[in-house]
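The structure under discussion appears below in the form of structure tokens.
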Amino acid sequence: MTVSLELHVVELLCSRLCHDLISPVGAIGNGVELIEEMGPSMAEEAMALIADSADQAARRLRLFRLAYGAAGNSGAFTAAEARTVLGAWFRGGRTRLDWPADVMPGSDGGVLKLALNLGLLAEEAMPYGGVVTVAAGAGGAALSVTAEGRTVSLRDEVREALDGAVAQADLTPRSVQAYVTGRFAEQCGWRIITEAKGTEALRFWLERRAG
């Protein structure tokens, strides 16, 4: 299935990615200013801030490259790399990744790219943090990604965007990532199924589209 995205969608996605990078990149600048204003006495603290912020920016860029770029479609992209990149994205935050070392799906059909995107959606569904679990698929599913936490839910606009039930012109920076994830899945021949388990768990899984 061929999927096309309007320029508006690309613009929104770029805005979303830039928003996610502003904080760590801005903190690097703050560290430099701290050295300039306070001198050597604050150099150690400022360098620690710069190093931490640079690491955070690099981790985000690595995930963006694979989740949205052509690198995520490469046969060289492995499940071990996806596991490492997604775990690094969550490091230092309120969300923890549980991706067992023996759950290693192949890269065929965009499965690993979709695993990264579903991991981001799972994190977004948990405002208080929690655990994102990646598991092997069953009954025809390629894999599943489950969000478990104190309060877990997808906003209506995000769910509709994921399902493609909204016009591209009506997307927002909040919903564009879900929309793009759903269209990635369609392009690769998958359907993304969601299942809520009360208010403390939400499961996504990939299922082959009919035909």
Side-chain angles (χ1 to χ4, degrees), residues 1-21 24-25 55-91 93 95 97-125 132-137 141-147 158 161-164 168 171 173-194 203-209:
M1 179 179 183
T2 301
V3 177
S4 61
L5 298 178
E6 296 175 2
L7 179 60
H8 173 64
V9 179
V10 178
E11 291 172 338
L12 286 176
L13 185 60
C14 288
S15 295
R16 172 72 178 261
L17 302 188
C18 289
H19 176 272
D20 288 343
L21 287 169
V25 171
D55 176 66
Q56 186 181 45
R59 286 186 278 121
R60 294 187 179 193
L61 283 169
R62 279 194 292 269
L63 185 138
F64 293 156
R65 173 176 172 267
L66 293 167
Y68 304 113
N73 299 323
S74 168
F77 180 31
T78 65
E81 184 179 8
R83 179 172 175 257
T84 297
V85 168
L86 190 57
W89 172 275
F90 294 140
R91 190 166 67 235
T95 300
L97 178 65
D98 179 12
W99 186 333
D102 61 345
V103 177
M104 291 286 139
S107 61
D108 295 346
V111 169
L112 297 179
K113 172 179 277 198
L114 288 165
L116 296 181
N117 277 277
L118 292 176
L120 296 181
L121 282 177
E123 180 188 36
E124 185 177 343
V132 173
T133 302
V134 179
L143 61 74
S144 68
V145 176
T146 303
V158 173
L162 180 65
D163 293 340
Q168 294 188 22
L171 292 170
R174 278 182 171 270
S175 61
V176 68
Q177 192 264 332
Y179 184 83
V180 170
T181 299
R183 307 301 69 73
F184 278 159
E186 289 179 3
Q187 179 79 34
C188 296
W190 298 104
R191 293 175 62 231
I192 298 175
I193 310 298
T194 61
R203 179 175 174 243
F204 304 89
W205 72 91
L206 298 178
E207 182 179 273
R208 274 293 178 194
R209 300 179 66 87

Distance (rounded to the nearest 0.5 Å) between [X] [atom1] and [Y] [atom2]:
X	Y	atom1	atom2	answer
His19	Arg174	NE2	CZ	9.0 Å
Leu13	Leu5	CG	CG	8.5 Å
Phe90	Glu123	CZ	CD	5.0 Å
Ile192	Asp163	CD1	CG	8.5 Å
Leu112	Leu66	CG	CG	9.5 Å
Arg65	Leu17	CZ	CG	14.5 Å

Short question: side chain of [X], backbone of [Y] - any donor-acceptor pair under 3.5 Å?
X	Y	answer
Arg183	Leu162	yes
Trp190	Ala142	no
Ser15	Glu11	yes
Arg209	Gly189	no

If you look at every heavy atom in [X] and [Y], which pair is closest and at what distance?
X	Y	result
Gln56	Pro24	OE1-CB, 3.3 Å
Gly164	Tyr179	CA-CE1, 4.3 Å
Gly87	Leu97	N-CD2, 3.4 Å
Ala115	Leu86	O-CD2, 4.3 Å
Ala82	Leu116	O-CD2, 3.6 Å
Val103	Ala136	CG1-N, 3.6 Å

For this session: Would you check, one step at a time, whether the test side chain to side chain contact (heavy atoms under 4.5 Å, CB included) holds for Leu118 with Trp205?
Result: CA-CA 9 Å; Leu118 292 176; Trp205 72 91; over 6 Å; no
Exercise. Between Arg16 and Glu124, is there a side-chain N and carboxylate O pair less than 4.0 Å apart?
Worked result: yes
Exercise. How far apart are the C-alpha atoms of Thr181 and Gln177, what are their side-chain angles, what is the distance that settles it, and do they pass the side chain to side chain donor-acceptor pair (under 3.5 Å) test?
Worked result: CA-CA 6 Å; Thr181 299; Gln177 192 264 332; 3.1 Å; yes
Problem set entry | Exceeds 12 heavy-atom contacts within 6.0 angstrom, atom CZ of Arg191 | no
Problem set entry | All salt bridge (Lys or Arg N to Asp or Glu O under 4.0 Å) counterparts of Arg91, not counting sequence neighbours | Asp55
Seminar exercise, completed: Hits for salt bridge (Lys or Arg N to Asp or Glu O under 4.0 Å) against Glu6, two or more places apart or cross-chain, chain-then-number order -> none
For this session: Could you please spell out the steps behind the side chain to side chain contact (heavy atoms under 4.5 Å, CB included) verdict for Leu143 and Val145?
Result: CA-CA 7 Å; Leu143 61 74; Val145 176; 3.8 Å; yes
Problem set entry | Near-ring test Phe64/Trp89, centroid separation under 6.0 angstrom | yes
Exercise. Are Thr146 and Asp98 close enough, and set up right, to give a side chain to side chain contact (heavy atoms under 4.5 Å, CB included), and what steps lead you there?
Worked result: CA-CA 10 Å; Thr146 303; Asp98 179 12; over 6 Å; no
For this session: Kindly indicate, with the supporting measurements, whether the criterion side chain to side chain contact (heavy atoms under 4.5 Å, CB included) is fulfilled by Glu81 and Phe77.
Result: CA-CA 7 Å; Glu81 184 179 8; Phe77 180 31; 3.5 Å; yes
Exercise. Can you list the residues that meet the side chain to side chain donor-acceptor pair (under 3.5 Å) rule with Thr84, with sequence neighbours excluded?
Worked result: none
Exercise. Does Phe184 have Lys113 sitting over its ring (NZ/CZ under 6.0 Å from centre, angle to axis within 45°)?
Worked result: yes
